Colleague: 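Could you have a look at this structure, given as structure tokens, before my questions?
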Amino acid sequence: MGAMSFDFGMSHIGVALIEIATRSIQPTGTIKAKSGRPNTDQLDFLVNTWKPTELIVGLPLNMDDSESSMSKASRKFGKYLEKRFSLPVHFVDERLTTLDARQRTGNARPDHAIAACAIGETWLHEHIVNNSFRSGSP
């Protein structure tokens with residue numbers, strides 16, 4: 001069972017694949033976007049190829065936990081995904097993932113797929129921790 005995470009942007013959307021059973025995450029690519037609208041051919045290809053069961057979208061919150069215009073655009077993108085693919089969409093706090101992606105790659109320009117990996121890691125950690133508490137296992 002897998003999930004797919006997205007680092008939403010107005011011109012690029014990073015994508016990563018999350019394998020829940022093995023707890024592994026791999027960058028899958030970057031989808032082009034125009035004013036936040038994804039290239040539907042690229043998006044459909046990735047989702048139809050990998051067949052995720054859940055979709056995770058990074059939510060860029062301000063440091064004081066308030067939402068920004070990008071947060072609203074990310075939520076809109078998440079609703080679009082949910083409607084288009086009839087899959088559950090989860091939002092994950094993505095603060096500092098761009099900085100994390102820059103540090104991982106040593107590049108001043110962010111790698112959107114690596115940022116999607118960081119978003120996926122956050123979700124996976126929360127998913128595992130929440131399921132551990134529910135099942136009573138350590």
Side-chain angles (χ1 to χ4, degrees):
M1 182 163 69
M4 191 170 274
S5 59
F6 298 90
D7 176 43
F8 174 79
M10 298 306 282
S11 58
H12 298 95
I13 301 169
V15 185
L17 186 63
I18 305 164
E19 182 54 52
I20 298 168
T22 61
R23 299 178 184 177
S24 63
I25 302 170
Q26 62 181 326
T28 305
T30 301
I31 297 170
K32 292 184 182 190
K34 192 179 263 186
S35 300
R37 292 189 182 108
N39 177 305
T40 54
D41 291 338
Q42 291 178 316
L43 179 63
D44 289 348
F45 176 78
L46 287 173
V47 172
N48 293 328
T49 298
W50 294 105
K51 300 186 185 330
T53 58
E54 300 179 73
L55 305 174
I56 293 74
V57 176
L59 187 61
L61 299 171
N62 293 318
M63 295 309 281
D64 66 358
D65 291 336
S66 64
E67 292 204 13
S68 65
S69 59
M70 279 304 290
S71 302
K72 292 172 185 160
S74 291
R75 287 192 186 279
K76 185 176 178 180
F77 175 66
K79 288 180 184 180
Y80 169 80
L81 291 174
E82 187 175 51
K83 184 177 180 180
R84 186 169 188 88
F85 299 108
S86 299
L87 291 171
V89 173
H90 309 279
F91 293 94
V92 172
D93 182 353
E94 71 161 42
R95 279 179 280 197
L96 305 178
T97 56
T98 299
L99 177 63
D100 182 39
R102 286 180 181 149
Q103 289 174 340
R104 288 183 193 205
T105 62
N107 193 338
R109 298 186 83 200
D111 182 318
H112 302 286
I114 298 297
C117 285
I119 291 164
E121 287 169 2
T122 300
W123 176 82
L124 187 59
H125 175 74
E126 291 172 359
H127 181 77
I128 290 167
V129 169
N130 288 341
N131 283 337
S132 294
F133 285 125
R134 282 189 212 128
S135 67
S137 59

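Just so it is clear, the model here is predicted, and its values are computed rather than measured.
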Colleague: Within this structure, what is the CD1-CG distance for the pair Ile13 and Leu81, rounded to the nearest 0.5 Å?
Modeller: 8.0 Å
Colleague: Grab the two heavy atoms, one from Ala113 and one from Ala16, that are nearest each other, plus how far apart they are.
Modeller: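 Where Ala113 meets Ala16 most closely, the heavy atoms are O-CB, 4.2 Å.
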Colleague: Any side-chain heavy-atom pair from Val15 and Ile31 closer than 4.5 angstrom?
Modeller: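 Yes, their side chains come closer than 4.5 Å.
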Colleague: Determine, using the 4.5 Å side-chain heavy-atom cutoff (strictly less than), whether Leu46 and Val89 are members of one ILVMFWY cluster.
Modeller: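 Linked, Leu46 and Val89 end up in one cluster.
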Colleague: Quick one: does Ser24's side chain get under 4.5 Å of Gln26's, heavy atoms only?
Modeller: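 Heavy-atom side-chain distance check fails, nothing below 4.5 Å.
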Colleague: Nearest 0.5 Å, please: how far is OG1 in Thr49 from CG in Asp44?
Modeller: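 Those atoms lie 10.0 Å apart.
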Colleague: How many angstroms lie between OG1 in Thr30 and CG in Asn39, if you round to the nearest 0.5 Å?
Modeller: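 Those atoms lie 12.0 Å apart.
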Colleague: Return the CG to CZ distance between Leu43 and Phe6, rounded to the nearest 0.5 Å.
Modeller: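 So the CG of Leu43 and the CZ of Phe6 are separated by 5.5 Å.
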Colleague: I'd like to check Leu59 versus Glu67 (side-chain heavy atoms, cut-off strictly below 4.5 Å). Are they in contact?
Modeller: yes
Colleague: Between Ile56 and Leu87, is there shared hydrophobic-cluster membership here, with clusters defined by ILVMFWY side-chain heavy atoms closer than 4.5 Å?
Modeller: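 Unlinked, Ile56 and Leu87 end up in two clusters.
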Colleague: Within the side chain of Thr28, is there an N or O that forms a donor-acceptor pair under 3.5 Å with the backbone of Leu17?
Modeller: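 Answer holds: yes.
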Colleague: Could you tell me whether the side chain of Ser71 and the main chain of Pro60 form a donor-acceptor pair under 3.5 Å?
Modeller: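 At least one qualifying donor-acceptor pair exists.
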Colleague: If you round to the nearest 0.5 Å, how far is CH2 of Trp123 from CE of Met4?
Modeller: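 Between atom CE of Met4 and atom CH2 of Trp123 there are 12.5 Å.
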Colleague: Using the rule that Ile, Leu, Val, Met, Phe, Trp and Tyr join whenever any side-chain heavy atoms are under 4.5 Å apart, tell me whether Trp50 and Ile119 fall into a single cluster.
Modeller: no
Colleague: Kindly compute the distance separating NE2 (His112) from NZ (Lys32), expressed to the nearest 0.5 Å.
Modeller: 12.0 Å
Colleague: Considering all heavy atoms of both residues, which atom of Ser5 and which atom of Cys117 are nearest to each other, and what is their separation?
Modeller: OG-N, 4.4 Å
Colleague: Grouping I, L, V, M, F, W and Y whenever their side-chain heavy atoms are under 4.5 Å apart, do Leu61 and Phe77 come out in a common cluster?
Modeller: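 Same hydrophobic cluster.
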Colleague: Determine the minimum heavy-atom distance between Ser74 and Phe91, stating which atoms define it.
Modeller: O-CE2, 3.5 Å
Colleague: Judged by atom type as modelled, is there a donor-acceptor pair below 3.5 Å linking the side chain of Asn62 to the main-chain atoms of Asp64?
Modeller: no
Colleague: Does any non-hydrogen side-chain atom of Arg84 lie less than 4.5 Å from one of Thr40?
Modeller: yes
Colleague: Under 3.5 Å, side chain of Lys83 to main-chain N/O of Tyr80, donor-acceptor pair present?
Modeller: no
Colleague: Do Glu54 and Ile20 make a side-chain contact, defined as non-hydrogen atoms from C-beta onward lying under 4.5 Å apart?
Modeller: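 Heavy-atom side-chain distance check passes, below 4.5 Å.
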